[in-house]
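Below is one structure, written out as structure tokens, with a few remarks after it.
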Protein chains: 2
Amino acid sequence: MKNTPEKSKYHHGDLRTTLLTVAGEMLKEGGIEEVSLRKLAARVGVSRTAPYHHFKDKNALLCGIAESGFTQLHQMNKSSFKAEGPSTKEKFSSFIHEYVNFAKANPDLYELMFGRTIWKHENSSKESTQKLRDAAYPCFQYQVAMTREWQQLKLLNHSGEESALRASQVLWGTVHGIAKLLIDGIYTDVAHVEEICDYAVDMFLVH
Amino acid sequence: MKNTPEKSKYHHGDLRTTLLTVAGEMLKEGGIEEVSLRKLAARVGVSRTAPYHHFKDKNALLCGIAESGFTQLHQMNKSSFKAEGPSTKEKFSSFIHEYVNFAKANPDLYELMFGRTIWKHENSSKESTQKLRDAAYPCFQYQVAMTREWQQLKLLNHSGEESALRASQVLWGTVHGIAKLLIDGIYTDVAHVEEICDYAVDMFLVH
DNA sequence: CGCCAAAATATGACGGTGTCAAGATTGATT
DNA sequence: AATCAATCTTGACACCGTCATATTTTGGCG
């Protein structure tokens with residue numbers, strides 16, 4: 001039924017997947033402002049209201065896209081942290097760089113993932129927002145776990161009582177903030193990404 | 001002509017100021033989504049297109065609001081940094097706390113000031129965007145200046161070659177990121193603001 | 001004072017958006 | 001074959017930003 005989605009198109013095929021894919025393309029092409037349900041439907045070749053049978057809201061659709069973004073980000077962190085070659089210190093540096101570069105590579109997706117469009121209030125289907133949280137929360141928890149290890153190895157500069165959660169919030173805040181400022185083109189030049197990340201690493205490591 | 005704007009109302013009074021004020025109120029009340037030119041015009045008591053004689057765009061209006069936000073933020077930083085009582089170390093801590101609390105107190109304004117709505121592309125009147133930059137840029141420069149002093153006093157943890165610009169970008173990134181995550185309600189509880197800020201201060205100071 | 005150009009405001013219209021209600025079509029199940 | 005629920009379409013509504021055009025008001029000048 002849901003398997004073998006190759007030729008088993010009854011009405012349209014499985015619209016849900018197609019909508020997510022194409023909407024993701026539109027997001028990448030023209031930013032969040034270019035993503036409208038009507039244009040999406042036209043591009044897919046269905047009527048304007050067809051998507052409403054697979055997503056309660058436009059918001060629910062956007063949550064679906066963001067969801068895959070968090071899965072992707074989570075995956076990236078894991079494979080980087082579990083790598084065998086580099087030292088722990090190098091992995092810390094990798095985390096900073098890779099995180100910011102992920103945002104740099106997918107600016108509109110990142111903007112969507114962390115924008116208030118999605119996270120504010122409970123606009124759309126509770127189920128959809130719940131699924132989003134189910135994808136995003138483990139992603140953050142993994143960052144706490146990584147931070148805990150860096151902390152136990154005395155890598156991070158700090159004097160008072162240690163808290164992996166607090167340290168993780170600060171670290172995530174830093175990469176998130178750098179990424180946002182970079183993406184939005186506020187005062188940082190994209191060309192200096194690596195330099196800024198290197199400097200951040202140096203400021204956090206104990207000397 | 002532009003002076004004495006008290007009783008010199010010819011058509012409506014000075015609409016421009018009124019529009020900025022009321023739009024700012026609407027922003028504070030219901031977030032950016034509640035700010036529409038039509039509702040704004042209705043609330044002020046003019047026709048829908050009257051605002052277009054004072055702002056080229058909706059974007060230009062938003063830039064005007066954000067502009068005052070940057071002036072406000074700049075002012076806050078200055079008065080805090082120039083205070084006589086506290087030590088430099090305490091001023092550093094104050095900067096972190098006050099910045100994040102500014103965002104916490106005016107979430108929608110802060111979101112607007114740093115959102116891509118305004119900074120992306122050259123949508124609206126160049127003049128408007130230019131005025132915005134003229135308000136925002138000194139604000140950032142002042143943060144670089146503060147950072148330079150902290151750096152020269154050897155307050156900040158760091159090993160390599162010093163750069164006030166890079167350090168400032170990292171610091172701003174951190175407070176900006178914490179503020180954003182907080183505002184958007186992603187994974188941090190607003191109740192923990194002070195704790196998180198304290199922890200950030202501790203991670204940046206040299207021990 | 002009277003007139004005129006310019007600034008300010010208003011009305012109408014256009015294309016775009018998200019979303020609901022109601023009807024039509026299809027696929028699978030009995 | 002008949003039925004039923006899932007799926008899709010059409011029509012409509014209320015918003016939105018913005019342009020073209022007409023109307024009013026103002027300030028300055030002869």
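Below, read A as the first sequence line, B as the second, and so on, with proteins coming before strands; counting in each chain starts at 1. Predicted model only: the values in this text are computed from it and were never measured.
Distances from the side chain of A/Ala50 to the nucleotides C/dA10, C/dG18, D/dC8 place D/dC8 closest. Between D/dA20, D/dG17, D/dT9, one nucleotide has an atom nearer to the side chain of B/Thr49 than all others, and that is D/dA20. If you check D/dA12, D/dT18, C/dT11 against the side chain of B/Ser47, the one that comes closest is C/dT11.
Residue A/His54 places at least one side-chain N or O under 4.0 Å from the OP1 or OP2 atom of D/dC8. Under 4.0 angstrom from either OP1 or OP2 of D/dC16 there lies at least one side-chain N or O belonging to B/Ser36.
Rounded to whole Å, atom P of D/dC16 lies 11 Å from atom CZ of B/Arg48. Taking atom CG on B/Leu62 and atom P on D/dG17, their separation rounds to 9 Å, with Å as the unit. In this structure, B/Asn59 places its CG atom 18 Å from P of D/dC16, rounding to the nearest Å. Taking atom NE2 of residue A/His53 and atom C1' of nucleotide C/dC20, one finds them 11 Å apart after rounding to whole Å. D/dC15 atom C1' lies 14 Å from atom NZ of A/Lys58, rounded to whole Å. Between the C1' atom of D/dC15 and the CG atom of B/Leu40 lies a distance of 16 Å, rounded to the nearest Å. The distance from atom NZ of A/Lys39 to atom P of C/dG16 is 9 Å, rounded to the nearest whole Å. Rounded to an integer number of Å, the gap from CZ of B/Phe55 to C1' of D/dT18 is 16 Å.
Side-chain atoms of A/Arg38 and base atoms of C/dG16 include no donor and acceptor less than 3.5 Å apart.
Residues A/Tyr199 and B/Gln169 are not in side-chain contact: their nearest non-hydrogen atoms beyond the backbone lie 4.5 Å or more apart. Side-chain contact between A/His176 and B/Leu181: present, with at least one pair of heavy atoms (C-beta onward) separated by less than 4.5 Å.
Between A/Tyr110 and A/Phe114, the angle of the ring planes lies from 30° to 60°, which puts this pair in the tilted group.
Atom CD of B/Glu111 is separated from atom NZ of B/Lys180 by 4.0 Å, given to the nearest 0.5 angstrom.
With hydrogens and angles ignored, the 3.5 Å screen pairs a side-chain donor or acceptor of A/Trp119 with a backbone N or O of A/Met113.
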